[in-house]
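Take a look at the structure below.
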Amino acid sequence: MKKAINVGLIGFGTVGTGVVKLLHDNAELIKKRLGRNLVIKAIADIDTKRKRSVSLRDEQLTGDAAVILNDPDISIVIELMGGFEPAKSFIIEAMKNRKHVVTANKALLATHGNEIFRVADEEKVNIGFEASVGGTIPIIKTLKESLAANNIKSIWGIMNGTSNYILSKMTEENKPFHDVLREAQELGHAEADPTYDIEGIDTAHKLAIILALSYGKNVCLDDIYCEGISGINRQDIEFARELDYVVKLLAIEIQRDAQIEARIHPTMIPLDHILASVNGNYNAFHVVGDASDSVFLYGQGSGMMPTASAVVSDLIDISRDMEKGIWRRVPLRSYCKNEIDDIQLLPMEEVITNYYFRFSAVDRPGVLSKISGILGAHNISIASVIQKGRKTEGTVPIVMTTHRARESNVQKALDEINKLDMVQGRTVLIRIEDPRLT
Ligand code: HSE
């Protein structure tokens, strides 16, 4: 038997524990597939005392990452500590010491990917990042390898389990956002600080990585339009149901001639849409290639063992390359290094889609015609109207859906409408993706 491949793990939290467990539990299977043992030689974490749900065997547990970074017997470093620093410095140091890297750190790759990938090229090492997007789902490998012959026409994804869990519960149990968020936190489905998840930031990190792989581009995170779910009201979920829609936080990339549309926002989709039945904390990707047509990937976007599965698959990939004497078989961003340039994203104002509006309006003659007049003046054509109840005091909801309209026109029209005396509070806008609407 050939010598084992030694790995160092930095970050012994939930996923790190899963990686150790998986390498223990499936050691024989992995050896049969790789022809060598894959073993963790050392683990570094600031907390060396806390009890984890796995018993260590020969792994050394240390509070000092340098033990791993400076060990010449360690060929691959797994970074699972998250955050920007010291994770970035550790990754760069590992690569400078000619170690391959596996990471799940989407925020780091989305923000500092160019620099990290440049160092990897200079040092001739590989970086595996399958676990950074979609947890266990092999979306990275699918884009880099399985669909490498395709022009990627579009990707529609549910890439954040926390948001999807919250929206699913609001829909199933007719509960308000804050109640569901609190329950999700109590059950461990949401972080104590859920900002990144519920405001779409985590999804933006993932979409930035996916865009780079789809088109071989440098992506500036700030160019991606990003709106989260914290403004979603259960009234809108009920109206969505009445319209045969469901609300999902979608990440959307669409190739439009020379430009790419990339946006993240709560979206109404038809109940029979392939993503409509993706519920709870599951993630899914609907990829359309010009040759492949539709490819649908579905699975756990987070969690100890599902994410560990993706991390260990990267370890196996890198080890297989090492076995063949290759430092990297597949380019990091799927395109040759000299082909990568900056992405041209379509400005959000130029996006054309369908819209749902909920106006809170006083119930008196002429209100509907005033609102529809402003919409018409901005070239926005109404597809349907729902007006419920009659109140002598206060406001009633008026719901409208539109035919395809330009975002800039919609924003201008809503600015005007929101200033009307007969309209109170801000109008709710949710974009609709319904292929049947013109
Ligand atoms: N926080 C993420 C989610 C999982 O809720 O989907 C890790 O990417």
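When a ligand or atom number is given, it counts from 1 through the structure's own listing order.
Side chain of S309 to backbone of M305: no donor-acceptor contact under 3.5 angstrom is found. Side-chain N or O atoms of H265 include none that pairs as donor or acceptor with a backbone N or O of E227 at under 3.5 Å.
Contact residues of ligand 1 (protein heavy atom closer than 4.0 angstrom to a ligand atom; sorted by chain and number): K106, N160, G161, T162, D197, D202, K206, S302.
Using modelled atom types, one finds a donor on one side chain and an acceptor on the other under 3.5 Å when comparing E253 with Y215. Of the N and O atoms on the side chains of K248 and N279, at least one donor lies less than 3.5 Å from an acceptor on the other residue.
By the neighbour-count criterion of 12 heavy atoms within 6.0 Å, atom CZ of R118 is densely surrounded, having more than that number from other residues, nucleotides or ligands.
Checked for salt-bridge contact, E323 and R320 miss the test: no charged N lies under 4.0 Å from a carboxylate O.
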